[in-house]
Participant: 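Next up is a structure, given as structure tokens.
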Number of protein chains: 2
Amino acid sequence: MSEKVTIYDIAEKLNITAATVSRALNNNPKIKEATRELVIKTASEMNYKQNKLALALKSGRSNNIGVIVPRIDSNFFASVIRGIEEELYPHGYQVIICQTHESIKRENENLHTLVDAQVDGIMMSVTGISNENDSAFRNVLEKNVPLIFFDRSKHIDGVSSVTINDFKGGYLATKHLIDEGCRQIAHLSGDRSLDIFNNRFLGYKQALLDSGLTFNEEHVIHVKSSVEAGKEATTTLLGLQTPPDAIFSSSDFAALGAIQELQARNYSIPNDFCVAGFSNEPFTKFMELSITSVDQSPLEMGKMSARVFLEQVDKTDTIKIEKKVVLAPELHIRKSSTRTNF
Amino acid sequence: MSEKVTIYDIAEKLNITAATVSRALNNNPKIKEATRELVIKTASEMNYKQNKLALALKSGRSNNIGVIVPRIDSNFFASVIRGIEEELYPHGYQVIICQTHESIKRENENLHTLVDAQVDGIMMSVTGISNENDSAFRNVLEKNVPLIFFDRSKHIDGVSSVTINDFKGGYLATKHLIDEGCRQIAHLSGDRSLDIFNNRFLGYKQALLDSGLTFNEEHVIHVKSSVEAGKEATTTLLGLQTPPDAIFSSSDFAALGAIQELQARNYSIPNDFCVAGFSNEPFTKFMELSITSVDQSPLEMGKMSARVFLEQVDKTDTIKIEKKVVLAPELHIRKSSTRTNF
DNA sequence: TATTTTCGTGTAATCGATTACATAATTTTT
DNA sequence: AAAAATTATGTAATCGATTACACGAAAATA
């Protein structure tokens with residue numbers, strides 16, 4: 001029933017050696033055409049399937065690549081993974097998913113597990129920039145496993161990354177709010193020890209300065225990426241001496257929270273107050289009051305990461321090429337910040 | 001630099017054989033305590049890591065399990081995968097993700113690829129019930145690879161499944177709409193050759209009959225799971241002789257489309273018209289007009305699938321146990337269908 | 001025809017870990 | 001102290017495929 005057919009079975013049947021069978025199946029030019037055809041025909045008849053594990057052991061390559069993300073049930077990460085999978089599938093790679101659940105300890109474990117599982121490469125979005133787990137990263141590099149960061153990256157020599165231009169994203173969103181007539185623009189930021197959040201903040205600040213507006217430290221609030229956090233931050237902002245008339249949020253969820261809080265207080269959006277988010281989560285365009293947001297082209301990011309991996313995977317002998325790909329963010333302007341009618 | 005340490009290296013260093021090293025590391029009781037400690041200490045010093053590929057080849061078990069879903073960038077599937085991963089991680093399994101993109105051909109390929117990759121089990125939500133790819137399924141079963149369906153399943157002898165009670169889900173949602181005073185309830189259905197959609201439809205129909213309402217064939221429309229399809233279907237429904245006063249949609253996206261179309265026509269929801277969806281997608285609760293929806297507890301579904309797999313994986317000798325787990329759906333009542341005030 | 005090439009296939013090692021079986025070392029029993 | 005039982009370790013096969021090297025046979029050259 002569950003007959004596992006090996007090249008030895010084929011060899012026996014044809015009175016030849018496994019070596020010949022192997023060569024015939026691999027199109028080795030040294031095999032006689034008649035033999036090759038016979039082997040291929042017989043293999044097919046016997047329903048032979050190459051044992052990938054044996055191949056992996058022999059070659060040292062598993063044809064699996066690992067992907068580590070904070071969580072998979074977020075549209076952004078799921079889309080990146082989709083991109084990676086689509087790009088790598090034609091090359092015969094399988095994608096192994098690991099989630100850190102925002103825990104450095106777990107990130108550590110995942111890195112070790114993947115290396116132990118002999119993956120041919122690792123693509124990840126780091127969970128934090130703490131140094132606690134540097135040994136796990138060192139382990140990856142020592143074992144010469146290609147490592148590629150996407151979106152959230154760490155500064156490690158020789159490691160490539162695919163990110164978007166978060167500075168520009170923050171700049172575009174803020175500039176847009178200014179263009180709509182807002183003058184007191186607040187910013188909901190994430191953990192600024194992570195580049196992505198720091199750069200969005202810097203872009204925001206630069207846009208203010210370039211437009212001759214003053215940067216107000218009070219208007220920058222650190223929030224978690226949640227609706228609740230957005231509400232709280234908004235409450236705080238509205239209680240200030242000089243309350244803002246717009247919010248640029250690093251998180252769509254926090255932006256949504258802000259909108260809900262504002263509406264609860266009878267603010268009219270976008271007339272009294274404008275809001276823009278970041279990530280272009282699906283719900284931003286579904287809302288009746290659709291939310292302006294910066295798109296990070298996650299699908300493209302995934303595909304690009306996969307391509308960088310493919311470029312790198314063969315050149316293990318060459319000196320490591322560090323490649324930094326920076327994708328352009330795209331501002332999707334929607335109702336939450338559109339005062340002018342088209 | 002990239003020194004791969006094997007048990008032979010350890011053996012050589014300690015002047016013993018690899019067999020002894022292997023036994024010591026595997027806590028074989030026949031090993032002298034002193035030897036065991038020495039080996040473990042040395043292994044750790046030399047930074048030895050077990051080669052999982054060699055182990056996999058020897059044991060025939062890869063410690064990978066495959067998950068096949070139509071797509072990963074949907075909250076439902078991503079959540080199921082999250083559940084599977086969380087449950088299997090402690091058991092040392094890695095999760096390999098494959099997407100069919102709703103193509104039977106691709107589903108076929110994925111099944112073969114996973115079997116070839118020697119996964120220890122496959123969990124999947126089928127893309128269609130066509131018989132085109134029965135040979136791929138037969139291949140899986142012949143190779144004795146445990147197969148488990150979740151959500152969308154096929155009827156195959158000896159294959160376990162984890163689903164929700166879609167009939168009850170449809171019944172609950174419809175009954176709720178009736179309780180809110182709706183009398184002409186339409187239904188947006190999916191591909192009814194798939195059990196999940198057929199059962200939701202049957203639950204809908206039964207709820208109507210149980211309440212003494214007449215079932216109107218015209219009120220059932222087949223739609224794809226998209227906002228656009230929901231809009232079109234709503235337009236059709238409103239043009240009928242007896243237009244409906246409520247919609248129960250098998251898809252949250254179609255339900256959203258319906259709401260948008262209704263609002264565009266100045267219907268007041270929930271007063272003039274009630275809407276309920278299915279899947280409890282995140283956006284349903286984010287909307288200002290939040291959408292009533294049936295929750296499928298995807299996280300629980302993933303965990304349960306993993307548990308069924310774990311039960312089955314050891315008993316390859318025993319006669320296959322076919323296990324059908326049916327989870328209870330949960331109706332989340334929200335603004336789109338709440339006429340009564342709390 | 002003898003010699004050199006070329007061609008096709010076989011032999012055996014290898015990837016790294018596990019394990020049935022054999023054997024040496026030690027302890028227990030008589 | 002000899003025999004038996006126990007314990008610890010070594011030997012070698014195995015999982016399935018690939019491949020350097022060897023070698024015989026056929027073809028080409030001298």
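Chain A is the first sequence line, chain B the second, and so forth, proteins listed ahead of strands; every chain is numbered from 1. Basis for what follows: all heavy atoms, side chains included, without hydrogens, waters or symmetry-related copies.
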Participant: Tell me which one of A:K324, A:H155, A:K323, A:K154 satisfies side chain to side chain contact (heavy atoms under 4.5 Å, CB included) with A:S161.
Facilitator: A:K324

Participant: Check every strand shown and say whether B:I16 touches a base, only sugar-phosphate, or nothing at a heavy-atom separation below 4.0 Å.
Facilitator: sugar-phosphate

Participant: State whether A:N26 places a side-chain N or O below 4.0 Å from either non-bridging phosphate oxygen (OP1 or OP2) of D:dT18.
Facilitator: yes

Participant: State whether A:Y8 places a side-chain N or O below 4.0 Å from either non-bridging phosphate oxygen (OP1 or OP2) of D:dT18.
Facilitator: no

Participant: Which is true for A:K49 with a 4.0 Å heavy-atom rule: it touches a base, it touches only sugar-phosphate, or it touches nothing?
Facilitator: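 Since only primed, P, OP1 and OP2 atoms lie under 4.0 Å of A:K49, the category is sugar-phosphate.
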
Participant: Looking at B:E107 and B:K105, is any side-chain nitrogen of the basic one under 4.0 Å from a carboxylate oxygen of the acidic one?
Facilitator: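 No, this pair does not count.
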
Participant: Give a yes or no answer on whether the side chain of A:S153 reaches the backbone of A:F149 with a donor-acceptor pair at less than 3.5 Å.
Facilitator: no

Participant: Return no unless some side-chain N or O of B:S22 is found under 4.0 Å from OP1 or OP2 of C:dT18.
Facilitator: yes

Participant: Measure the distance from CG on B:N63 to P on C:dA17 and round it to the nearest whole Å.
Facilitator: 15 Å

Participant: Using a cut-off of 4.0 Å on non-hydrogen atoms, how would the nucleic acid contact of B:L55 be classed: base, sugar-phosphate, or nothing?
Facilitator: sugar-phosphate

Participant: Verify the neighbour count for atom CG of B:D157: are there more than 12 heavy atoms of other residues, nucleotides or ligands below 6.0 Å?
Facilitator: no

Participant: Specify the separation, in whole Å, of atom CD1 of A:I7 and atom C1' of D:dC15.
Facilitator: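 Between C1' of D:dC15 and CD1 of A:I7: 12 Å.
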
Participant: What is the distance, rounded to the nearest whole Å, between atom CG of B:L14 and atom P of D:dT9?
Facilitator: 11 Å

Participant: So that I can compare with my own list, what are the stems of DNA chain D, taken as at least three consecutive Watson-Crick or G-U pairs with distances under 3.5 Å?
Facilitator: C:1-30 with D:1-30

Participant: Looking at the side chain of B:N51, which of C:dA17, C:dT9, D:dT11 is the nearest nucleotide?
Facilitator: C:dA17

Participant: Tell me the interatomic distance from B:E12, atom CD, to C:dA17, atom P, rounded to whole angstroms.
Facilitator: 14 Å

Participant: Starting at atom CD of B:E33, determine the distance to atom C1' of D:dT7, rounded to an integer number of angstrom.
Facilitator: 14 Å

Participant: Above 12 or not: heavy atoms from other molecules or residues under 6.0 Å from NZ of B:K49?
Facilitator: yes

Participant: What is the distance, rounded to the nearest whole Å, between atom NZ of B:K30 and atom P of C:dC21?
Facilitator: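 Value for this atom pair: 11 Å.
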
Participant: When the nearest nucleotide of DNA chain D is assigned to A:A18 and to B:A18 on a heavy-atom basis, which residue is associated with the more 5' position?
Facilitator: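 Here B:A18 is the residue nearer the 5' end.
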
Participant: Does a nitrogen or oxygen in the side chain of B:N28 sit under 4.0 Å from OP1 or OP2 of C:dT19?
Facilitator: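 The answer is no; no side-chain N or O of B:N28 sits under 4.0 Å from OP1 or OP2.
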
Participant: Does a sphere of radius 6.0 Å around CD in A:E12 hold more than 12 heavy atoms from other residues, nucleotides or ligands, not counting ones at 6.0 Å or beyond?
Facilitator: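 Count not over threshold, so no.
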
Participant: Measure from CE on A:M46 to P on D:dG16 and round the result to the nearest Å.
Facilitator: 13 Å

Participant: For B:L57 and B:R23, take the nucleotide of DNA chain C holding the closest heavy atom to each; which residue's nucleotide lies nearer the 5' end?
Facilitator: B:L57

Participant: Does the A:S59 side chain pair with the main chain of A:L55, one donor and one acceptor, at a distance under 3.5 Å?
Facilitator: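 Checked: pair present.
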
Participant: Look at the side-chain N and O atoms of A:Q50 and state whether any lies under 4.0 Å from the OP1 or OP2 oxygen of D:dT18.
Facilitator: yes

Participant: How is A:K58 classified with respect to the nucleic acid when contacts are heavy atoms under 4.0 Å: base, sugar-phosphate, or nothing?
Facilitator: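 Since a base atom lies under 4.0 Å of A:K58, the category is base.
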
Participant: Look at the side chain of A:R36 and the base of C:dG8, then say whether one donor and one acceptor between them are separated by less than 3.5 Å.
Facilitator: no

Participant: Give the rounded distance in Å between these two atoms: NZ of A:K32 and P of C:dG10.
Facilitator: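 Whole-Å distance recorded here is 10 Å.
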
Participant: For C:dG16, does either OP1 or OP2 sit under 4.0 Å from a side-chain N or O belonging to B:T6?
Facilitator: no

Participant: Looking at B:R23, is its backbone amide N or carbonyl O close enough to the side chain of B:N26 to form a donor-acceptor pair, meaning the two atoms are under 3.5 Å apart?
Facilitator: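 No, the answer is negative, given that no donor and acceptor are paired below the 3.5 Å cut-off.
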
Participant: For B:N15 and B:S59, find the nucleotide of DNA chain D closest to each by heavy atoms; which residue's nucleotide sits nearer the 5' end?
Facilitator: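 The 5'-side residue here is B:N15.
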
Participant: It should be established whether B:T20 places a side-chain nitrogen or oxygen under 4.0 Å from OP1 or OP2 of nucleotide D:dA8.
Facilitator: no

Participant: Minimum heavy-atom separation for B:R61 and B:V313, please, with both atom names.
Facilitator: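 So the two residues come closest at NH2-CG2, 3.5 Å.
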
